[in-house]
Amino acid sequence: MKPRLVFARKLVAGCAVMVAASAAHADITVFTDRAAFLTAVSGSATDTFDDLTMTETAGPLKRMAGAYGYQVSAGPSDGGFYPSGSGSDIWLSGTMSSDVITFNAFSSGVFGFGGNFFGTDSFGAFMPGRTVVLSAVSGADSETFTLSNASQDSFVAFLSDHPLTLVSFQNMENDGTVYWATANNVVLAVPEPATWSMLVGGLGIAALARRRRGRSRQTTTVA
């Protein structure tokens, strides 16, 4: 077997392993600044929840943020949602304070998700100083962030180098205080072109290796 043919086969095998590993593991970055998050993505849209009414609402809800679709559910009680807010500014919270709110079924290509997260009381009013725990999953990888002393302007976002599978948030009643973890102005985002280039680049290396392998085969036949 010609040395070049052996090298090409090894290169193809190596690239296949590299691309598979890249697909299996995701890097998830946490942002706590909205401007920095929006700078890191190429396109985004916001769901304000202002179309909801402050009455008990069955879930799951199918929502749109601009052109990006998603689903949001509350569990494990399956009690649905009881949106709260201030005037025309509506916030999303579950009916039960112990429920975990989960966003999933994102449109294809959504790599980023964020929003304002804070606590509210049983009357739906903002509660200062509460803690909200957020988690993001992208394939087999996950990232958790604990937001302490949350205000209505507290912002948390996750940006992955692979499509997001789900994002969830919940309260942390570690001091016996009952409160509802609440979200507002959630943002769905697609990555910068550079991120796509990295992904496509890995596949491009594998394609280049295949072309070289083809050339090696041709050279072997001619020889």
Side-chain angles (χ1 to χ4, degrees), residues 28-41 43-57 59-66 68 70-75 77 79-104 106 110 112-136 143-159 164 166-189:
I28 303 175
T29 303
V30 179
F31 290 80
T32 56
D33 181 87
R34 182 183 290 268
F37 173 67
L38 294 179
T39 299
V41 299
S44 65
T46 302
D47 186 359
T48 65
F49 303 120
D50 290 345
D51 60 309
L52 298 176
T53 57
M54 289 187 279
T55 57
E56 191 169 350
T57 304
L61 303 177
K62 293 188 180 298
R63 304 286 301 174
M64 296 293 295
Y68 312 123
Y70 69 95
Q71 177 178 282
V72 57
S73 57
S77 75
F81 302 91
Y82 207 111
S84 53
S86 176
S88 60
D89 184 18
I90 306 299
W91 314 327
L92 185 71
S93 55
T95 300
M96 304 296 294
S97 65
S98 57
D99 276 348
V100 177
I101 309 299
T102 301
F103 303 88
N104 62 357
F106 299 115
V110 171
F113 182 94
N116 299 116
F117 300 93
F118 47 90
T120 53
D121 63 20
S122 58
F123 296 99
F126 167 66
M127 284 186 72
R130 295 296 94 198
T131 299
V132 179
V133 181
L134 301 102
S135 298
E143 185 72 30
T144 297
F145 181 83
T146 299
L147 174 64
S148 302
N149 197 30
S151 72
Q152 287 178 255
D153 296 322
S154 294
F155 179 83
V156 178
F158 299 96
L159 181 59
L164 287 171
L166 66 84
V167 175
S168 64
F169 71 98
Q170 63 189 102
N171 65 15
M172 183 186 283
E173 297 178 356
N174 55 359
D175 61 357
T177 302
V178 177
Y179 64 98
W180 280 252
T182 304
N184 193 24
N185 299 321
V186 298
V187 183
L188 278 69

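What's counted below: heavy atoms across the whole structure, side chains too, no hydrogens, waters or symmetry copies. For the single chain, residues carry numbers from 1 onward in sequence order.
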For Thr144 and Ser135, test the side chains for any donor-to-acceptor distance below 3.5 angstrom and give the result as yes or no. yes
Ring centres under 6.0 Å, that's the criterion: do Phe118 and Trp91 meet it? yes
Kindly say whether Val30 contributes a backbone atom to a donor-acceptor pair with the side chain of Thr32 at under 3.5 angstrom? no
Answer yes or no: is there a donor N or O on one side and an acceptor on the other, between the side chain of Asn184 and the main chain of Phe117, under 3.5 Å? no
Student check: side-chain heavy atoms of Tyr70 and Asn104 closer than 4.5 Å: no
Listed by chain and number, what are the side-chain contact (heavy atoms from CB on, under 4.5 Å) partners of Met127, not counting sequence neighbours? Asp121, Arg130, Thr177, Tyr179
With the side chain counted from C-beta on, respond yes when Thr146 and Thr131 share a heavy-atom pair under 4.5 Å apart, and no when they do not. yes
Got a donor-acceptor contact below 3.5 angstrom from the Trp180 side chain to the Gly124 backbone? no
So, using side-chain hydrogen bond (donor to acceptor under 3.5 Å, both in side chains) as the criterion, who are the partners of Thr120 when residues are at least two apart? Thr182
With heavy-atom distances below 4.5 Å as the criterion, would you say the side chains of Phe49 and Val186 are in contact? yes
Enter the distance from Phe145:CZ to Ile28:CD1 here, rounded to the nearest 0.5 Å. 14.0 Å
Could you tell me whether the side chain of Asp50 and the main chain of Ile90 form a donor-acceptor pair under 3.5 Å? yes
Taking side chain as C-beta onward, heavy atoms only, is Val72 less than 4.5 Å from Ile101? yes
Do Phe113 and Phe158 have ring centres separated by under 6.0 Å? no
What is the distance from atom OG of Ser84 to atom CG of Leu92, rounded to the nearest 0.5 Å? 8.5 Å
Donor-acceptor contact below 3.5 Å, side chain Ser44 vs main chain Leu188: no
Rounded distance [0.5 Å steps], OG1 in Thr102 versus CD in Gln170: 8.5 Å
My understanding is that only residues two or more places apart in sequence, or in another chain, count here; which of them pass side-chain hydrogen bond (donor to acceptor under 3.5 Å, both in side chains) with Glu56? none
Answer yes or no: is there a donor N or O on one side and an acceptor on the other, between the side chain of Thr46 and the main chain of Thr48, under 3.5 Å? no
